[in-house]
Amino acid sequence: EPEVTQTPSHQVTQMGQEVILRCVPISNHLYFYWYRQILGQKVEFLVSFYNNEISEKSEIFDDQFSVERPDGSNFTLKIRSTKLEDSAMYFCASSEQGAVNTEAFFGQGTRLTVV
Amino acid sequence: GESVGLHLPTLSVQEGDNSIINCAYSNSASDYFIWYKQESGKGPQFIIDIRSNMDKRQGQRVTVLLNKTVKHLSLQIAATQPGDSAVYFCAETAGSQGNLIFGKGTKLSVKP
């Protein structure tokens with residue numbers, strides 16, 4: 001069964017450092033998303049990406065965040081200068097037609113720990 | 001503001017009993033709702049969805065009910081099994097690209 005894969009599973013970084021979280025969405029999907037989940041809290045939307053550009057973003061997704069689809073398979077989230085409060089699980093998701101029409105499939109997540 | 005929330009943070013049921021997990025939403029313009037299951041250390045897994053033009057939808061052992069009058073969503077799990085133990089989130093779509101707004105989650109524990 002096709003799945004969304006994320007690497008690494010766990011990333012530890014020092015405050016102020018840049019991190020890149022990687023995702024390989026399901027191959028025939030066109031809509032890509034990043035969500036985050038602070039420990040014990042709900043999943044929060046960060047950004048959606050379609051047709052090689054950001055389509056929507058939340059207020060969490062400030063200038064420190066960026067996304068990129070560098071090739072035909074990868075979808076990355078970059079945090080330019082990490083803060084302690086960026087520590088969370090980061091989930092990538094993809095859907096075939098946009099989640100209003102088809103379900104979004106989530107990856108296993110990357111646990112980011114900022115120290 | 002617009003939000004999706006849950007009435008109870010935890011629910012404990014006996015194996016074999018039926019479970020009911022509730023969710024309240026505040027955005028009356030939302031037209032698509034989804035229930036996700038999240039097991040420890042994993043990403044959310046789609047369970048079942050429902051559109052606003054329906055009030056009930058059934059899957060395998062799961063049923064979702066939508067009451068638009070009171071903006072309430074529920075997930076019913078029949079014959080709950082130990083493998084159903086997880087955190088359950090309701091979510092609604094917002095925005096043209098289908099980005100999801102999640103509720104806070106209900107932790108379901110199944111006692112053998």
Side-chain angles (χ1 to χ4, degrees), chain A residues 1-6 9-10 21 23 25-26 29-61 67 88-111, chain B residues 1-10 21 23-27 29-54 57 59-60 62 64 73 86-107:
Chain A
E1 185 175 320
E3 59 180 11
V4 176
T5 57
Q6 292 185 241
S9 57
H10 191 187
L21 309 182
C23 170
I26 294 173
H29 286 187
L30 302 177
Y31 293 79
F32 314 114
Y33 311 86
W34 282 101
Y35 291 82
R36 80 171 186 190
Q37 185 179 32
I38 295 171
L39 185 64
Q41 298 188 24
K42 63 182 180 181
V43 178
E44 300 173 290
F45 168 75
L46 293 178
V47 65
S48 59
F49 191 88
Y50 171 71
N51 200 26
N52 287 318
E53 61 182 17
I54 291 174
S55 45
E56 293 196 54
K57 59 183 180 179
S58 71
E59 58 188 24
I60 302 170
F61 194 88
V67 290
M89 283 290 288
Y90 287 81
F91 293 106
C92 173
S94 69
S95 67
E96 192 174 351
Q97 298 177 28
V100 290
N101 294 311
T102 58
E103 66 179 273
F105 290 82
F106 283 76
Q108 300 288 347
T110 292
R111 180 175 298 283
Chain B
E2 298 172 353
S3 66
V4 180
L6 292 157
H7 294 307
L8 293 173
T10 61
I21 300 172
C23 176
Y25 64 94
S26 60
N27 184 4
S30 292
D31 60 0
Y32 182 58
F33 304 88
I34 311 100
W35 280 101
Y36 281 91
K37 171 186 180 182
Q38 187 179 26
E39 296 174 290
S40 181
K42 296 185 178 181
Q45 179 185 6
F46 174 93
I47 302 173
I48 192 167
D49 59 0
I50 189 167
R51 298 195 178 279
S52 59
N53 61 352
M54 303 171 68
R57 189 155 189 240
Q60 187 177 17
V62 293
V64 54
L73 191 69
V87 177
Y88 289 81
F89 294 93
C90 63
E92 62 178 321
T93 55
S96 61
Q97 299 300 315
N99 45 294
L100 299 167
I101 296 176
F102 282 81
K104 292 184 179 179
T106 293
K107 183 177 181 179

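Here is how names work: the chains are called A, B, and so on, in the same order as the sequence lines, proteins then strands, and each is numbered from 1. Note that the coordinates shown come from a computational prediction; the quantities given were computed from them, not determined experimentally.
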Any chance the side chains of B/Asp49 and B/Tyr32 put a donor and an acceptor closer than 3.5 Å?
-> yes
Which bit of A/Gln37 comes within less than 4.5 Å of chain B, counting heavy atoms only: side chain, backbone, both or neither?
-> side chain
Centroid-to-centroid, B/Phe89 to B/Tyr36, below 6.0 Å?
-> no
Measuring heavy-atom distances to chain B, does A/Phe105 have an atom under 4.5 Å in its side chain, in its backbone, in both, or in neither?
-> neither
Min side-chain heavy-atom separation B/Trp35-B/Leu73 under 4.5 Å | yes
If one checks every heavy atom of B/Gln38 against chain A at 4.5 Å, the contacting part turns out to be side chain
Donor-acceptor pair, A/Glu44 side chain versus A/Ile38 backbone, under 3.5 Å?
-> no
